[in-house]
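Following: one structure in C-alpha cells, then a few remarks.
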Amino acid sequence: MGKRILIVDDSPIVHVLLKKTLVAAGHEVVGDAKNGREGVDLYGKLKPDVVFMDITMPQMDGLQAVGAIRASDPAAKVIMLTAMGDDEIIAQAQAAGVQLFLQKPFDDYKIISALSKLV
Amino acid sequence: MNSETSYNPIEENWTKFTRALDNMLLMMSGLELTMEETSPADWPEEDMCFGGLMVLASMRPSVLVIEATHETAANIISYMTGDEASQLSAAELLDGMCEMVNMVAGEAKSHVLDSADGFDLTSPIAVRGEQLGFTIKTGAISKRLYAVQEGVHLRMSYYPL
C-alpha cells in the first residue's frame, strides 16, 4: 500500500529525484518543503507516514526540524538524507529521533529499500 | 618496501574523489564515463560555464572543483531527473552542480572518517559564467580529471591548499 510522503530538502533537484522514484513505486508525495521550518509546519498540517529530511538547509536545519517534529509526534518516521556519513552527525540525528539514514548518492533501489525498512 | 614513505595522502584522497564521482554519476544518472587524467595543456577548447566547488576543512584544507559545459550540466541533470535537458533553467543547473560536488565530497569523506586524511564538508558553492577558470595561488599540487561521454564533458580538480 502506498505511503504518504513529505520531502524536506533545499535542493529542487533532490525533490524531483525522490518524487520520481516514490511515485513510480506507488507512493504519494503529499508535501514539499525547502527548509526545516516549512517541513515542521507541513508535518503538522499533513501528518505524512514518512518524512525524507535533508540535514543542511537554510532557516532551520534537518536536525532541528526532526527534533521539533518528534516533540509534537513521537511516532514520526524520518529518513535522513545526507552526503555526510559522519559518526557525529549520525549520533546527533539518532538522538533527535531519526530512524534511518540514506546516504547520497542514491538510486531507486536505495530509496525504496530505505522506505520498506521503516514502514 | 617502506609503506610509510610511499603513502601520499593527496593521491589517496584524489583516488577517493574520482571513485566517488564515477559512482555518483553511475548511480544517479546511469552514465559510465571514460576518465582520463590530463594536463591543462591537453584540454580541448570548451566553455566550462558551470562550476561546483567545496572547501574541505581539515588541518590541511583543500578545495574540490567540478566544472561542466552548459550541455554537460544539462545532460547530467536530465539523466538524473528525466526532465528534458533543454527545459532546465540555470537555477536548476546550479543546484545540480551543488548537489554533485556535495555528493562526491560526502562519499569520499565517508572513506576517510577515521584517518588522518579526514576532512569536514562545508557548504557547496555553484558558479555560472563564461569560460570559467579556477586558480589557487598556493602553487600546491592540483589534480584534474577529464571525463568524456557523448554530450557529457566535465573536469574535476583537487587543490590541497
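By convention in this document, chain letters (A, B, ...) are assigned in the order of the sequence lines, proteins followed by strands, and residues within each chain are numbered from 1. Note that the structure is predicted; figures quoted are calculated from it, not measured.
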According to a hydrophobic-cluster definition based on side-chain heavy atoms being under 4.5 Å apart (Ile, Leu, Val, Met, Phe, Trp, Tyr only), do A/Met57 and A/Val78 belong together? yes

Here the gap from A/His15 atom NE2 to B/Asp95 atom CG, rounded to the nearest 0.5 Å, amounts to 9.0 Å

Heavy-atom check, side chain of A/Phe106 versus side chain of B/Met28, under 4.5 Å: yes

Least distance between heavy atoms, A/Lys20 atom then B/Met80 atom: NZ-O, 2.8 Å

I'd like to know if B/Ile76 and B/Leu26 are part of one continuous hydrophobic network [Ile/Leu/Val/Met/Phe/Trp/Tyr, side-chain heavy atoms within less than 4.5 Å]. no

Can you tell me which portion of A/Ser11 sits under 4.5 Å from chain B's heavy atoms? Options are side chain, backbone, both or neither. both

With a sphere of 6.0 Å drawn around CD of B/Glu37, does it hold more than 12 non-hydrogen atoms of other residues, nucleotides or ligands? yes

Can you tell me if CZ on A/Arg70 sees more than 12 non-hydrogen neighbours from other groups inside 6.0 Å? yes

Taking A/Asp107 for the side chain and B/Met27 for the main chain, is one N or O donor matched with an acceptor at less than 3.5 Å? no

Do B/Leu154 and B/Met48 land in one hydrophobic cluster if side-chain heavy atoms of ILVMFWY residues count as linked below 4.5 Å? no

Tell me, yes or no, whether the heavy-atom count around B/Glu130 atom CD, taken from other residues, nucleotides or ligands under 6.0 Å, exceeds 12. no

Supply the atom-to-atom distance A/Thr82 OG1 to B/Asn102 CG, rounded to the nearest 0.5 angstrom. 8.0 Å

Can you tell me how far CD1 of A/Ile13 sits from CD1 of B/Ile77, rounded to the nearest 0.5 angstrom? 4.5 Å

Quick check on the hydrophobic clustering: are A/Ile79 and A/Val8 connected, directly or via other members, by side-chain heavy-atom contacts under 4.5 Å? yes

Under a 4.5 Å heavy-atom cut-off, does chain A meet the side chain of B/Glu99, its backbone, both or neither? side chain

With only heavy atoms counted, which part of A/Lys110 is less than 4.5 Å from chain B, the side chain, the backbone, both or neither? side chain

Of all heavy-atom pairs linking A/Gln103 and B/Ser110, the shortest is NE2-CB, 3.6 Å

Do A/Val119 and A/Val30 sit in the same hydrophobic cluster, where Ile, Leu, Val, Met, Phe, Trp and Tyr count as joined when their side-chain heavy atoms come under 4.5 Å apart? yes

Gap separating the CD1 atom of A/Ile89 from the CG atom of B/Leu121, nearest 0.5 angstrom: 9.0 Å

